[in-house]
*Asks:* 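I have a structure here, written as structure tokens, and I will follow up with some questions on it.
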There are 2 protein chains.
Amino acid sequence: MKEPTFPDSPLADLCRERGLKLTGQRRTIAFVLSDSDDHPDVEELYRRAVEVDPRISIATVYRTVRLFEENGILQRRDFGGGRARYEVADGDHGDHYHLIDADSGKVIEFENPELDALLDNIVREMGYDLVTTRLSVVGRRKAKPR
Amino acid sequence: MKEPTFPDSPLADLCRERGLKLTGQRRTIAFVLSDSDDHPDVEELYRRAVEVDPRISIATVYRTVRLFEENGILQRRDFGGGRARYEVADGDHGDHYHLIDADSGKVIEFENPELDALLDNIVREMGYDLVTTRLSVVGRRKAKPR
DNA sequence: TTGCAAATGATAATCTTTCTCATTAATAGG
DNA sequence: CCTATTAATGAGAAAGATTATCATTTGCAA
Ligand SMILES: [Mn+2]
Ligand SMILES: [Mn+2]
Ligand SMILES: [Zn+2]
Ligand SMILES: [Zn+2]
């Protein structure tokens, strides 16, 4: 196989650590994901991956995001619109949440430890341990008061 | 048209109030929804509707939940699993949220004014007005300590 | 370097939801 | 009550996203 023109990404290393076979396609997709700081869907990932290495099919992108998600490497997000979107799982800093601009669709990330704690408490008081929080808020930019 | 064997439901009245044409099928679907206290998907609504009146097609159920949602009569929910689920919009009491049992899939509703207020504040401080909150938490029942 | 299990590419199948269009029914006005 | 108008419905086709199939290729352990 032809050698890639890019270095192994942090995600590629993670892939190896989990004992997943590191194919050329997976290395490419891992690179593209590490290089992204937004929330691409599969079509968009496919576009970015093909730029790096054309020997890739969309079926493999679907398979790979699923594999990475099952292994805790990726997080799947649902912002409505019918397609799943993906981002690298935050290993280090805590969960973050998403505010979606109602008019532009722009996704704005935020963290809030108070919210983390409150959700944890609510769920605990109901007799459960919190496994996953799925939260996104839609907002409309305020007219600046003058 | 044959007369229905059930009285007009609160949702049927709402339908009329909004100036929507009150067809037999809509009356049936409104009745079934008013009669439900869970979060059925379209297939399940269709099953329940057919029991009440077999002159109904699944296409009409899809059309009707969309219409009702656009008119603020129904709320669409996404608990994962690929199909939308629906419940009557709470006119009176505030928003509620959903805890999903990770093992059984059971949906448990809860309200929390502190959470309402916190989300509102977070969004406002980011310069937005809160439009919609999409929140569900997945939890696993705690082993009872002894 | 080889062998083999696992991954890939191409495309078919699946699943949910929406659309199309001929037929039917609700409602306003007489 | 009757009729006309217009919207709603039923059946099935179509669309859009994701998963499955299967022949071929490839990573990697021996
Ligand atoms: Mn969804
Ligand atoms: Mn409380
Ligand atoms: Zn994010
Ligand atoms: Zn609910």
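Chain identifiers are assigned alphabetically (A, B, ...) following the order of the sequence lines, protein sequences preceding nucleic acid strands; residue numbering begins at 1 within each chain.
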*Asks:* Do any side-chain atoms of residues 28-37 of chain B form donor-acceptor pairs under 3.5 angstrom with protein atoms, and if so which ones, sequence neighbours left out?
*Replies:*
from: T28(B); atom 1: OG1; to: G24(B); atom 2: O; distance (Å): 3.0
from: S34(B); atom 1: OG; to: A30(B); atom 2: O; distance (Å): 3.2
from: S36(B); atom 1: OG; to: V32(B); atom 2: O; distance (Å): 2.8
from: S36(B); atom 1: OG; to: R48(B); atom 2: NH1; distance (Å): 2.9

*Asks:* Answer yes or no: does a side-chain N or O of R63(A) lie under 4.0 Å from OP1 or OP2 of dA7(C)?
*Replies:*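 The answer is no; no side-chain N or O of R63(A) sits under 4.0 Å from OP1 or OP2.
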*Asks:* May I ask you to evaluate whether Y62(A) reaches the phosphate of dT19(D), defined as a side-chain N or O under 4.0 Å from OP1 or OP2?
*Replies:*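 Result: no.
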*Asks:* Measure from CD on E70(A) to C1' on dT18(D) and round the result to the nearest Å.
*Replies:*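 Taking atom C1' of dT18(D) as the reference, CD of E70(A) is at 14 Å.
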*Asks:* Round to the nearest Å and state the distance from I56(B) atom CD1 to dG10(D) atom C1'.
*Replies:*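 Atom CD1 in I56(B) sits about 11 Å away from atom C1' in dG10(D).
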*Asks:* Could you tell me whether D103(B) and R141(B) have a side-chain N and a carboxylate O separated by less than 4.0 Å?
*Replies:*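 Not counted as a salt bridge, because no side-chain N and carboxylate O are separated by less than 4.0 Å.
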*Asks:* Within the supplied structure, the quantity of interest is the number of heavy atoms (other residues, nucleotides, ligands) at a distance under 6.0 Å from K106(B) NZ; does it exceed 12?
*Replies:*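 It does not: K106(B) NZ has 12 such atoms or fewer within range.
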*Asks:* Any side-chain N or O of R66(B) less than 4.0 Å from the OP1 or OP2 oxygen of dA8(D)?
*Replies:*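 No, R66(B) has no side-chain N/O under 4.0 Å of OP1/OP2 on dA8(D).
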*Asks:* Hey, is the side chain of T23(B) poking within less than 4.0 Å of OP1 or OP2 on dT9(D), counting only N and O atoms?
*Replies:*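 Affirmative; the distance criterion is met.
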*Asks:* Just report the end-to-end axis angle for the helix from dT1(C)-dA30(D) to dG30(C)-dC1(D), five pairs per end, to 10 degrees.
*Replies:*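 Result, rounded to 10 degrees: 30°.
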*Asks:* Reckon Q25(B) has a side-chain N or O less than 4.0 Å from the OP1 or OP2 of dG10(D)?
*Replies:*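 Answer is yes, contact under 4.0 Å.
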*Asks:* Taking distance alone, no hydrogens or angles, what donor-acceptor pairs closer than 3.5 Å link side-chain atoms of residues 60-71 of chain A to residues at least two apart or in another chain?
*Replies:*
from: T64(A); atom 1: OG1; to: T60(A); atom 2: O; distance (Å): 2.7
from: E69(A); atom 1: OE1; to: R76(A); atom 2: NE; distance (Å): 3.4
from: E69(A); atom 1: OE1; to: R76(A); atom 2: NH2; distance (Å): 2.7

